[in-house]
Amino acid sequence: MPPKAFICGLSGTELTPDEFDFLRGMKPGGIILFARNCQTQRQVKALTSAIFDALDDQNAPILIDQEGGRVQRMAPPEWKKFPSAAQFTKFYKNDPDRGESTLRTCYGWLAQGLRKHGINVNCAPVLDVPQEEAHPIIGDRAYGNNPGDVIRLGRLVAEAHLENGVVPIMKHIPGHGRALVDSHEELPDVSSSPDELENWDFVPFRAMSDLPAAMTSHVRYMCYDRTQPGSSSVELINQVIRSQIGFDGLLISDDIGMKALKGTPSERMMSVLSAGCDMGLHCNGDLKEMRSIADAVPSLEGAALSRYRAIQEIIRTSNEKTEIIQGDTIHRLLDEVFSLTD
């Protein structure tokens, strides 16, 4: 039986008996970890091993947001501080040749560290192009303030993940860079024209539409759909993401618990799936909500299941990778990036 079309969070640092039974019985399509789940290196490895056991699938996707900078779920002091996208961009522009090799090495090491802990999917890179007047929720998480820089560095980041056995999820398709409010707190409306969006915001996602996975944005693009945010918009997903951008990989919603969406957890989940997302993301680890979602959500099938299996094949082959990047080399490179950009 294929897994169900949702990804969920967990409550803490260990899998509780109720959570184990839920994962074993309901078979969500993946798990996402947050800071509340990541205390020590040994503990995270034990947690991911328990997840694989509960799901009875060693190739089950286990996700995390490990961008660096402000968004680093495995954080100091247990884990090395990692620069933000903007810091890497500044380092790259100071010396493009050295910057490119440094990005590849540092993000390769990051991916190897995730894989060593049992984490096989990273919700990165951010491909949004922030506007000057936009809410700072994206800000230094972006690889520049123009599509060219975002494409150039975003591609390096994605390739470094794939080369080192971790699936990258580009986000937040088709773009969060014009949002004037934080979609965690309220629904952003973007009133720009189709031409503006197609020639700026959508450009990085179109250039990287060959990547295996993407995460949607909870932004309402008024020129395409005046009622629904992007994650719940049939028009936006079909007309923009699948057609104009040409993305045919696994499409995952951003967290349905964000305040940009309305309704019960199961209603929110079904709204993103009905609109065309292959999978929905539920992050808070509330088991009562997870049970209501699992009861409503169908199993993966058709094109969505094929895309999911393609992700699992990347994960399966990642188990054959070997670690080659040494910690002392990385610490020196990261210190160089921080010394130039802090």
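Because the structure is predicted, anything quoted here is derived from the model rather than measured.
- For F247, there are no ring pair (Phe, Tyr, Trp, His ring centres under 6.0 Å) partners at least two apart in sequence or on another chain.
- Counting only heavy atoms from C-beta outward, the side chains of V190 and D201 never approach each other to under 4.5 Å.
- Once rounded to the nearest 0.5 Å, the distance linking CD1 of I293 with NE2 of H282 reads 4.0 Å.
- The closest side-chain heavy-atom distance from I245 to P174 is below 4.5 Å.
- Remark: the backbone N or O of G285 is not paired with any side-chain donor or acceptor of S11 at under 3.5 angstrom.
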Report the C-alpha separation of M270 and V297 in whole Å, then their side-chain angles, then the decisive distance to 0.1 Å, and conclude whether the side-chain contact (heavy atoms from CB on, under 4.5 Å) test is met.
CA-CA 7 Å; M270 291 310 299; V297 169; 4.2 Å; yes

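- I62 contributes atom CD1, which lies 7.5 Å from atom CG of L55 (distance to the nearest 0.5 angstrom).
- Formation of a donor-acceptor pair under 3.5 Å by the R73 side chain with backbone atoms of L33 is not found in this model.
- Contact detail for V234 and S274: the closest heavy-atom pair is CG2-O, 4.2 Å.
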Passes side-chain contact (heavy atoms from CB on, under 4.5 Å), S266 versus D295? Steps please.
CA-CA 8 Å; S266 57; D295 287 339; over 6 Å; no

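- In terms of modelled atom types and a separation under 3.5 Å, the side chain of Y308 and the main chain of G29 share a donor-acceptor contact.
- Side-chain heavy atoms closer than 4.5 Å link hydrophobic residues (I, L, V, M, F, W, Y) into clusters, and following such links, possibly through other members, connects F22 to F20.
- The shortest heavy-atom contact between F338 and P83 is CZ-N, 3.5 Å.
- Grouping Ile, Leu, Val, Met, Phe, Trp and Tyr residues whose side-chain heavy atoms lie under 4.5 Å apart, directly or via other members, places I137 in a hydrophobic cluster with V126, I138.
- By the criterion of side-chain heavy atoms lying less than 4.5 angstrom apart, applied directly or through intervening Ile, Leu, Val, Met, Phe, Trp or Tyr residues, L15 is grouped together with L287 in one hydrophobic cluster.
- Side chains of D286 and P265 form no contact here, defined as non-hydrogen atoms less than 4.5 Å apart.
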Check step by step if side-chain contact (heavy atoms from CB on, under 4.5 Å) holds for N122 and I64.
CA-CA 5 Å; N122 193 11; I64 199 167; 3.8 Å; yes

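- Linking ILVMFWY residues whenever their side-chain heavy atoms come closer than 4.5 Å, directly or via other members, places I315 and L250 in the same cluster.
- When every heavy atom of G276 is checked against every heavy atom of L251, the shortest pair comes out as O-CD2, 4.1 Å.
- A 4.5 Å side-chain heavy-atom check between S183 and P188 finds at least one atom pair inside the cut-off.
- Under the 4.5 Å side-chain criterion, counting only non-hydrogen atoms from C-beta, R316 is not in contact with N120.
- Atom SG in C8 sits 3.5 Å away from atom CD1 in I31 (nearest 0.5 Å).
- With a 6.0 Å radius and a threshold of 12 heavy atoms from other residues, nucleotides or ligands, E313 has its CD atom above the threshold.
- By the 4.5 Å heavy-atom criterion applied to side chains, S318 and V166 are not counted as neighbours.
- For the atom pair CG (L156) and OH (Y143), the distance works out to 9.5 Å, reported to the nearest 0.5 Å.
- S232 places no side-chain N or O within donor-acceptor distance of the main-chain N or O of P229, the cut-off being under 3.5 Å.
- For K171 (side chain) and M215 (main-chain N/O), no donor-acceptor pair under 3.5 Å exists by modelled atom type.
- Between the T317 side chain and the I314 main chain, a donor and an acceptor come within less than 3.5 Å of each other.
- A salt bridge (Lys or Arg N to Asp or Glu O under 4.0 Å) check over residues 213-236, counting only residues at least two apart or in different chains, returns the pairs D189-R220.
- No donor-acceptor pair under 3.5 Å is formed between the side chain of R178 and the backbone N or O of L197.
- Residue pairs satisfying the salt bridge (Lys or Arg N to Asp or Glu O under 4.0 Å) criterion with at least one member in residues 122-141, sequence neighbours excluded, are listed as follows: E67-R141, R70-D140.
- Atom CD of residue Q66 and atom CD1 of residue I119 lie 7.5 Å apart, to the nearest 0.5 angstrom.
- Residues M258 and V219 do not share a hydrophobic cluster, clusters being chains of Ile/Leu/Val/Met/Phe/Trp/Tyr side chains in contact below 4.5 Å.
- A salt bridge does not link R24 to D21: none of the charged side-chain nitrogens sits closer than 4.0 Å to a carboxylate oxygen.
- The heavy-atom pair separating C123 from L63 by the smallest distance is SG-CD2, 4.0 Å.
- Sorted by first then second residue, the side-chain hydrogen bond (donor to acceptor under 3.5 Å, both in side chains) pairs that include residues 207-219, not counting sequence neighbours, are R155-D210, T216-S231, S217-Y221, H218-S231.
- A salt bridge links K80 to D335: at least one charged side-chain nitrogen sits closer than 4.0 Å to a carboxylate oxygen.
- For residues 253-282, every residue pair satisfying the salt bridge (Lys or Arg N to Asp or Glu O under 4.0 Å) rule, not counting sequence neighbours, is listed here: E185-K259, R242-D278, D278-R307.
- At least one side-chain heavy atom of P168 sits less than 4.5 Å from a side-chain heavy atom of P125.
- With sequence neighbours excluded, the residues that form a ring pair (Phe, Tyr, Trp, His ring centres under 6.0 Å) with Y107 are F82, F88.
- Grouping Ile, Leu, Val, Met, Phe, Trp and Tyr residues whose side-chain heavy atoms lie under 4.5 Å apart, directly or via other members, places V203 in a hydrophobic cluster with I151.
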R291 vs D18, side-chain contact (heavy atoms from CB on, under 4.5 Å): CA-CA, chis, key distance, verdict
CA-CA 11 Å; R291 285 175 172 144; D18 285 345; 4.1 Å; yes

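- In terms of heavy-atom proximity, R98 sits nearest to R332 at NH2-NH1, 4.0 Å.
- Checking R115 against Q112 by side-chain atom types alone, no donor-acceptor pair falls below 3.5 Å.
- One distance of note links CD1 of I256 with CD1 of I7; it measures 11.5 Å at 0.5 Å rounding.
- The side-chain hydrogen bond (donor to acceptor under 3.5 Å, both in side chains) pairs that include a residue from residues 31-54 number zero, where partners must be two or more places apart or lie in different chains.
- A donor-acceptor pair shorter than 3.5 Å cannot be found between the side chains of T102 and E336.
- H172 pairs by the ring pair (Phe, Tyr, Trp, His ring centres under 6.0 Å) definition with H176, not counting sequence neighbours.
- Through direct or relayed side-chain contacts under 4.5 Å between Ile, Leu, Val, Met, Phe, Trp and Tyr, V71 connects to no other residue.
- Hydrophobic cluster membership differs between Y224 and L187, with clusters built from Ile, Leu, Val, Met, Phe, Trp and Tyr side chains linked at under 4.5 angstrom.
- Two residues are said to be in side-chain contact when any heavy atoms from C-beta on lie closer than 4.5 Å; E163 and R104 meet this criterion.
- The minimum heavy-atom distance between E100 and Y92, with the atom names listed, is N-CD1, 3.7 Å.
- In this structure W200 satisfies the ring pair (Phe, Tyr, Trp, His ring centres under 6.0 Å) test with no other residue, sequence neighbours excluded.
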